[in-house]
Number of protein chains: 2
Amino acid sequence: MKGKILEVARRIFGEYGFHGTTTRMIAQEIGIDISTLYYHWGEKGDLYEAVILDIYEDLRTKLIEIEQIVHGKSLSTRMDTAIEMMTDYLFLSPEICNLILFRYFTRTRQPSNLDFRVPEFISEIAFSMGIAKDRKHLPLDIRMRMLAMMNQIYNFVAGQNFFMDLLKTTREDYVQNVKDTLKFILIPAFAQYERAGKHHDGNGDAGTMGEGDGKKEETAP
Amino acid sequence: MKGKILEVARRIFGEYGFHGTTTRMIAQEIGIDISTLYYHWGEKGDLYEAVILDIYEDLRTKLIEIEQIVHGKSLSTRMDTAIEMMTDYLFLSPEICNLILFRYFTRTRQPSNLDFRVPEFISEIAFSMGIAKDRKHLPLDIRMRMLAMMNQIYNFVAGQNFFMDLLKTTREDYVQNVKDTLKFILIPAFAQYERAGKHHDGNGDAGTMGEGDGKKEETAP
DNA sequence: CCCTGTTTCCATCATTTGATGGAAACATAG
DNA sequence: CTATGTTTCCATCAAATGATGGAAACAGGG
């Protein structure tokens with residue numbers, strides 16, 4: 001039962017957010033009384049915290065699995081496979097994306113129960129992609145690119161209902177197009193690392209060229 | 001006063017979301033009684049609706065302004081300028097990004113007051129970029145790429161607090177790195193349109209395109 | 001069966017929250 | 001000043017919500 005509650009709480013919190021979810025909604029979805037819920041998980045904030053830890057744990061497991069499969073391949077191939085696997089996985093548990101994005105964007109009225117830190121796996125991903133030489137001390141620009149990449153996936157999964165309606169497409173079609181769009185955007189972007197040889201940082205101003213705007217060199221801090 | 005309420009409501013709704021915001025929070029922030037708020041805007045859902053319409057109107061105005069400035073330039077230049085302007089603008093009104101993303105990701109318990117449709121400017125942007133030949137009947141893949149592009153910007157602005165804390169960086173530094181990251185990812189991706197000539201759709205498996213030669217000139221730093 | 005510990009539900013509270021009616025304050029034209 | 005329309009605040013409600021105590025149901029070992 002404790003597990004069942006966590007599972008349903010993940011889904012409901014993922015759909016409605018923290019304040020949009022009531023303990024009664026969760027209990028009713030399972031068909032139990034709310035006091036049973038409180039018995040197992042304590043107050044609402046504690047349950048939410050458990051949900052967050054749970055999804056990050058799932059995500060970590062998946063990332064490790066993917067890392068082992070794409071290990072050793074070329075960057076383009078690695079990204080292609082990783083995008084396929086990651087997308088398929090997240091569409092099976094879309095609340096993972098929703099909950100992560102809520103954390104990024106939303107403030108809560110709660111004192112500070114929910115502001116605990118969770119690793120964002122940024123360095124792990126960069127390392128797995130072969131972009132980081134060293135698991136620690138990742139330069140800022142690389143960390144931001146990793147965030148950008150993950151966000152791109154999260155967005156299409158978390159917003160699937162809205163976007164499917166907006167684009168007037170079926171689910172199957174949508175999933176395929178998400179993968180294609182991700183590849184269209186991410187692979188050329190990160191292909192710059194392949195072309196630029198191993199670790200030519202190339203400043204952030206990639207792609208524009210010319211213009212030589214006044215940006216100073218900003219070597220990795 | 002009516003305007004002042006709308007302005008503050010934008011900010012608070014943007015920070016806490018619909019259910020995370022109470023009418024009392026808005027009223028208190030201004031220093032008025034909640035009944036004054038209800039007098040001007042009716043029920044909470046109506047105020048929220050007004051907020052959404054307001055931010056979309058602002059966004060529309062800005063997009064038109066940008067469109068006129070980048071008109072006629074090359075795609076890379078257009079994107080460079082548009083990213084600069086759009087980012088600067090959104091960082092001044094970050095609640096725009098938050099509110100748009102909430103609409104994408106969050107469900108509300110409300111009956112259906114907030115499910116009204118608002119244009120997402122997808123076709124306008126594609127047309128302005130010179131990617132769409134025809135303002136109507138945009139193919140699905142192009143619309144998704146436009147969404148992906150806008151989402152990329154929205155995310156970094158809406159999540160600025162979280163990301164700045166995560167990356168341990170200052171605001172100024174963060175803003176600059178957002179621009180650089182956006183250019184790093186978006187410009188190479190959409191440069192495929194330039195290289196591929198005018199309208200070679202190219203199937204979704206765009207990842208292969210990056211391998212060919214790639215960008216010729218690379219401003220040696 | 002009985003005893004004990006666990007789990008579930010019912011009844012109930014105290015707050016919070018959305019919402020409103022009506023009195024007071026304010027403004028403005030005549 | 002007075003009359004009229006507008007705006008703001010005070011007091012208050014009803015419903016929703018987070019939370020809890022205690023009785024009942026359940027489970028398993030002796």
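These numbers come from the heavy atoms of this one structure, side chains and all, not from hydrogens, waters or symmetry mates. A note on names: the letters A, B, ... follow the listed sequences, proteins ahead of strands, and every chain is numbered from 1.
Atom CD1 in A:Ile32 sits roughly 19 Å away from atom P in D:dA25 (whole-Å rounding). Distance, B:Leu37 CG to D:dC10 C1': 16 Å, rounded to whole Å. The nearest whole Å value for the distance from the NZ atom in B:Lys44 to the P atom in D:dA15 is 18 Å. If you take CG of B:Asp46 and C1' of C:dG18, they are 12 Å apart, rounded to a whole angstrom. Taking atom CZ on B:Phe18 and atom P on C:dG18, their separation rounds to 8 Å, with Å as the unit. Atom P of nucleotide D:dT17 and atom OH of A:Tyr16 are separated by 12 Å, given to the nearest angstrom. As rounded to whole Å, 11 Å separates atom P of D:dG18 from atom CG of A:Leu47. As a whole-Å value, the separation of B:Glu43 CD from C:dT20 C1' is 12 Å.
When ring centroids are compared, B:Phe102 and B:Phe18 stay outside the 6.0 Å threshold.
Contact detail for B:Tyr56 and B:Phe121: the closest heavy-atom pair is O-CZ, 3.5 Å. Across B:Phe162 and A:Arg103, no two heavy atoms sit closer than the pair CD1-O, 3.3 Å.
With DNA chain C read from its 5' end, the first of the two nearest nucleotides for A:Arg24 and A:His40 is the one closest to A:His40.
Comparing C:dT17, D:dG18, C:dT8 by their nearest atom to the side chain of A:Met1 picks out C:dT8. Listed nucleotides C:dC9, C:dA19, D:dT6 differ in distance to A:Thr36; the shortest reach to its side chain belongs to C:dC9. Residue B:Tyr39 places its side chain closer to D:dT6 than to any other of C:dC9, C:dA19, D:dT6. The side chain of A:Arg109 has C:dT17 as its nearest neighbour among D:dA19, C:dT8, C:dT17. Between D:dA19, C:dC10, D:dC9, one nucleotide has an atom nearer to the side chain of A:Ile34 than all others, and that is D:dA19. Listed nucleotides: C:dT7, C:dG18, D:dT8. Nearest to the side chain of B:Tyr38: C:dG18.
Across all strands, A:Thr22 comes closer than 4.0 Å only to sugar-phosphate atoms, never to a base (heavy-atom distances). Counting non-hydrogen atoms under 4.0 angstrom, B:Ser35 reaches a base of the nucleic acid.
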| task | Apply side-chain contact (heavy atoms from CB on, under 4.5 Å) to A:Leu101 and B:Asn155, showing your working. | result | CA-CA 9 Å; A:Leu101 293 177; B:Asn155 275 259; 4.0 Å; yes
Apply side-chain contact (heavy atoms from CB on, under 4.5 Å) to the pair A:Tyr104 and A:Leu147, showing each step before the final yes or no.
-> CA-CA 11 Å; A:Tyr104 290 171; A:Leu147 278 177; 4.2 Å; yes
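Residues B:Asp58 and B:Lys62 are not paired through a salt bridge, judged by the lack of any N-O separation under 4.0 Å between the basic side chain and the carboxylate. The existence of a salt bridge linking B:Glu7 and B:Arg10 is excluded, since no basic side-chain nitrogen approaches an acidic carboxylate oxygen closer than 4.0 Å.
Using a 4.0 Å cut-off on heavy atoms, none of the residues of residues 2-9 of chain B approach DNA chain C.
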